[in-house]
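Naming: A, B, ... by sequence-line order, numbering from 1 per chain.
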Number of protein chains: 2
Amino acid sequence: MSLEHILLGLLRQPASGYDLKKVFDERIDYFWAAELSQIYPTLKRLEKRGWARCCQAVSSRGPGRRVYETTTAGRRALRDWLAKGPEIGDERFAYLAQIYLMDELGDLKQTLRFFTVLRDDFNRKLEALRRLERYWVEADPHYPDELPPPDFHVHLTLRMGILSLGGHVRSCDESIRRLRARMDREKHTRPGVSKSTRRKNPHAPPRHKLALRPPDRKSQTPRARP
Amino acid sequence: MSLEHILLGLLRQPASGYDLKKVFDERIDYFWAAELSQIYPTLKRLEKRGWARCCQAVSSRGPGRRVYETTTAGRRALRDWLAKGPEIGDERFAYLAQIYLMDELGDLKQTLRFFTVLRDDFNRKLEALRRLERYWVEADPHYPDELPPPDFHVHLTLRMGILSLGGHVRSCDESIRRLRARMDREKHTRPGVSKSTRRKNPHAPPRHKLALRPPDRKSQTPRARP
DNA sequence: AACCACTATATAACTATTTATATAAATGTC
DNA sequence: GACATTTATATAAATAGTTATATAGTGGTT
């Protein structure tokens, strides 16, 4: 479970569940969100497994704090997780599913609005990361390649966020441009709407003849086995 | 729930749970994965709610099929989901969490290996999408902007996949270049290792002094309220 | 006849995550 | 003093998703 390992990483500096929630909202949020109701049981699980230890502490305001810290066994588990290679392939993108099915609306204006909102959202996040990078440039004379190891790795994460979001924004821009052009074309050809862009029967089930994967070429199966 | 709505979209063409699983693995997989054990109960839920109807059918091989289809109410629910704007902000990226914490390994060679695997994985997916696009170009004279509505929207999805993966591959390349340079620098400065890149005490908890968000500027809070 | 691969549905057990709610102490404000 | 806010932990209930397993028919291979 990724949350367990992220907590293991963060708890290399002692923190309470409440502290960790703030850390998540401030900087982990970009790639992993977590609620308090998930953090607390997970901390107990880590402690029971011997990956974290806990000690009571007093708070100047409010009830007592349970401050956790990664143990040696916990750091070993964290290293194992990191060493066994990238965890990839489980990502889910609801907005891509929405675009995939959006022909259902039968209204390019709505699709255009969708992409505009999406574009703004991606761009807002991109601007936040770029602002952050500018802040680092100004604040740290070691920036970017002489940064000490933890910051260097955090910076690699930041750069991946920036380049990835850049791709998303560009993609939205391209889609918006194409949608506008298509709407223009539709307007000018009315009422003799182009054959290719009109649905013959708008209530008929759409046939996605173009799959996202090209058809299998069975002949390509390797068969060298003497 | 996104899975419900994706099924609603796919079931505009009648299909059984087994059929749907194949559709997921062939083309939905890129942005949403689903297991049979999740598809079957969800289909029953859709039927109970009146969003899909089911009729028995015989199979030439194997047991009887339960073929589902979206109802009018189901299509309305699908349209509502699409019309209420992009579902965004819940994405989780375990591999970014891994990079964020990878200073723990204290070994740039392992980080480099990690990025190489990641790069290959992104690139393999990118190549698959590009191959698919080439296949479309050759197969469809309407490509890309005269495509009928369902294919046009599927193509927008494909393009976002291509541009997003492109950003990821570029980001990996950048990281790999920086890692190589840093390793080179470390090698040449040994044993007098540069102050900035060496951990004083490799067992001390890392202090991520650079947060992914710049410090709050409290003074910026709007206060115009007469 | 034994075995495997494929089609097809189903469910149990587990893990992960979200939403809502309860509790309680301290501080500040109207 | 009443009330809101912040700090702090905790749990219940619901939802979402994975892994493993069971069942069963059909066709092909050994």
N/O-N/O pairs, protein side and nucleotides 20-22 of chain C side, under 3.5 Å:
none

Can you check the B:Glu35 CD to D:dA16 C1' distance for me, whole Å? 13 Å
Please name all residues satisfying side-chain contact (heavy atoms from CB on, under 4.5 Å) with B:Asp107, sequence neighbours left out, ordered by chain then number. B:Lys109, B:Gln110
Judged by each residue's nearest nucleotide on DNA chain C, which is more toward the 5′ side, B:Arg66 or A:Leu3? B:Arg66
Kindly determine whether B:Phe122 and B:Phe115 satisfy ring pair (Phe, Tyr, Trp, His ring centres under 6.0 Å), including the steps that lead there. CA-CA 10 Å; B:Phe122 286 140; B:Phe115 270 102; 9.6 Å; no
Please name all residues satisfying side-chain contact (heavy atoms from CB on, under 4.5 Å) with B:Glu69, sequence neighbours left out, ordered by chain then number. B:Pro14, B:Arg53
Strand contacts (DNA chain C) in residues 80-98 of chain A, 4.0 angstrom heavy-atom criterion: none
Looking at the side chain of A:Tyr18, which of D:dT6, C:dA16, D:dA16 is the nearest nucleotide? D:dT6
Whole-Å distance, B:Ile6 CD1 to D:dG17 C1', equals 13 Å
Protein-nucleotide distance (A:Phe24, atom CZ; C:dT18, atom C1'), rounded to Å: 15 Å
Does the side chain of B:Gln38 get closer than 4.0 angstrom to OP1 or OP2 of D:dA16 through an N or O atom? no
Across all chains, not counting sequence neighbours, the salt bridge (charged side-chain N to carboxylate O under 4.0 Å, His left out) partners of B:Arg159 are A:Glu174, B:Glu133
Give a yes/no on whether any side-chain N or O of A:Lys44 is located under 4.0 angstrom from OP1 or OP2 of D:dT11. yes
Atom-pair distance (CE on B:Met1; C1' on C:dT17), nearest Å: 13 Å
Measure CZ/A:Arg45 against C1'/C:dC14 and give the value in whole Å, please. 12 Å
Which whole-number value in Å describes the distance from B:Asp19 CG to C:dC6 P? 16 Å
When A:Gly17 and B:Glu4 are each assigned the nearest nucleotide of DNA chain D, the 5'-most assignment goes to A:Gly17
Sorted by chain and number, sequence neighbours left out, side-chain contact (heavy atoms from CB on, under 4.5 Å) with B:Glu47 holds for B:Cys54, B:Arg66, B:Tyr68
Rounded to whole angstroms, how far apart are CG on A:Asp25 and C1' on C:dT18? 14 Å
Taking atom P of C:dT19 as reference, at what distance in whole Å does atom OH of A:Tyr40 sit? 18 Å
Would you tell me if any nitrogen or oxygen in the side chain of B:Arg65 comes within less than 4.0 Å of OP1 or OP2 on C:dA8? yes
ring-ring contact (aromatic ring centres under 6.0 Å, His included) pairs touching residues 72-91 of chain A, sequence neighbours excluded, are A:His5-A:Trp81
Could I get the full list of side-chain contact (heavy atoms from CB on, under 4.5 Å) partners for B:Arg92, not counting sequence neighbours? A:Trp32, A:Ala33
Please name all residues satisfying salt bridge (charged side-chain N to carboxylate O under 4.0 Å, His left out) with A:Lys125, sequence neighbours left out, ordered by chain then number. A:Asp121
Side-chain donor-acceptor pair present, A:His155, B:Tyr100, cut-off under 3.5 Å: no
